[in-house]
Novice: 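Just dropping this structure here.
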Amino acid sequence: MNHLTVLYRGPLASCDYDCPYCPFAKRRDSPEQLRADRAALERFTAWAADYREGGLSVLFTPWGEGLVRSWYRRAMVDLSHAPHVRRVAIQTNLSCRTDWLADADPDSLALWVTYHPGQVDHRRFLDRCRELTALGIRHSVGVVGEPDHLEPARRLRAELPAGTYLWINAADGRDYTDAEAARWTELDPLFHYSRHPHPSGGRACRTGGTVVSVDGEGTVRRCHFVRPPLGNLYDGSYRAELRPRPCPLPVCDCHIGYVHLETLPLYDVFTDGVLERIPYGM
């Protein structure tokens, strides 16, 4: 194995925002749940820091907001300095402070940032993005393609640096007319990849081979959306199951899944920015 990409999602499910389209809005974890999440993350971070089978990339994809928790910030910083970690990234609403990033290695740490209009003041969010730029932290910024997000997204695009990629996620269950899609495509030239689910059944996908998903117990699956386990991370039983294999699901409609489909050109589009969703050259 030359390089392994791991999508980690622990038990954390709490978020400080209450977006109406999110089932985890304003959910609170109990102190016991937070302690369990911290222990699980620290166990995973120790495994990742000691990984010696090649290069490693990690994307944290928590159901809730991770960076308001000190243990996620610490994991990001620590892994950014590990010489074998090519990239460590996280999906975040950027509601946390940014000063901790000064301790990270900006060559390996990156952020996948989502802007939630109505949950955060526009100017405050934009200032946080500018802080990332000043710190030299690679990041993309994106918006869910709800109708009432269009004007805030246009304002954001106008005020972000030209070199910051603004992505648009198609809203779950929403069918876009060609006219609606064209308006979003003006902001994100890659919106057509998000607009419709991608046929995936029987098609080659990197998940299960060079890309895997791991939960807080260390259970390894090929991705977040295919439930049969491949083994466990910590006893090494997953290794024997890593191999190229077709997708067993009929369609894939989430970017963190379909970006790995070999039938799509997205590895060429994003190159070394796959995990943080930054196209090549940006």
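Please read all numbers here as calculations on a predicted model, not as lab measurements. Residue numbers start at 1 and run along the sequence shown.
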Novice: Not counting sequence neighbours, which residues clear ring-ring contact (aromatic ring centres under 6.0 Å, His included) with Phe125? List them please.
Specialist: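 If we apply the ring-ring contact (aromatic ring centres under 6.0 Å, His included) test to Phe125, skipping adjacent residues, the hits are Tyr115.
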Novice: I need the full list of side chain to side chain donor-acceptor pair (under 3.5 Å) pairs touching residues 246-258, with sequence neighbours left out, sorted by first then second residue.
Specialist: none
Novice: What residues, two or more places apart in sequence or in another chain, satisfy ring-ring contact (aromatic ring centres under 6.0 Å, His included) together with Tyr280?
Specialist: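 In terms of ring-ring contact (aromatic ring centres under 6.0 Å, His included), with neighbours along the sequence ignored, Tyr280 is linked to no residue.
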Novice: Taking NZ, NE, NH1 and NH2 as the nitrogens, is one of them in Glu186 or Arg183 under 4.0 Å from a carboxylate oxygen of the other?
Specialist: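 Looking at Arg183 together with Glu186, the answer is no, because their closest N to O distance does not fall below 4.0 Å.
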Novice: How would you list all residue pairs meeting ring pair (Phe, Tyr, Trp, His ring centres under 6.0 Å) that involve residues 72-110, not counting sequence neighbours?
Specialist: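 Listed by first then second residue: nothing to list.
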Novice: Taking side-chain hydrogen bond (donor to acceptor under 3.5 Å, both in side chains) as the test, write out the residues that go with Trp71, two or more places apart.
Specialist: Asp37
Novice: State which residues pass side chain to side chain contact (heavy atoms under 4.5 Å, CB included) with Pro279; sequence neighbours excluded, sorted by chain then number.
Specialist: Tyr165, Leu190, Val269, Phe270, Met282
Novice: Is it true that the side chains of His260 and Tyr267 contain a donor and an acceptor less than 3.5 Å apart?
Specialist: yes
Novice: Which salt bridge (Lys or Arg N to Asp or Glu O under 4.0 Å) pairs, counting each pair once, include a residue from residues 94-103, with sequence neighbours left out?
Specialist: Arg97-Asp99
Novice: For Arg9, enumerate each residue passing the salt bridge (Lys or Arg N to Asp or Glu O under 4.0 Å) test, keeping only those at least two apart in sequence or located in another chain.
Specialist: none
Novice: Test of understanding: with salt bridge (Lys or Arg N to Asp or Glu O under 4.0 Å), list the residues that count as partners of Arg123, not counting sequence neighbours.
Specialist: Glu159
Novice: Does a side-chain N-to-carboxylate-O contact under 4.0 Å join Glu53 and Arg239?
Specialist: yes
Novice: Who passes side chain to side chain contact (heavy atoms under 4.5 Å, CB included) against Arg124, sequence neighbours left out?
Specialist: Val120, Asp121, Arg128
Novice: Got a sec, which residues hit salt bridge (Lys or Arg N to Asp or Glu O under 4.0 Å) with Arg38, two or more places apart in sequence or on another chain?
Specialist: Glu42
Novice: Can you list every pair that meets salt bridge (Lys or Arg N to Asp or Glu O under 4.0 Å) and has a residue in residues 270-282, with sequence neighbours left out?
Specialist: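 Matches after skipping sequence neighbours: Arg87-Glu276, Arg138-Glu276.
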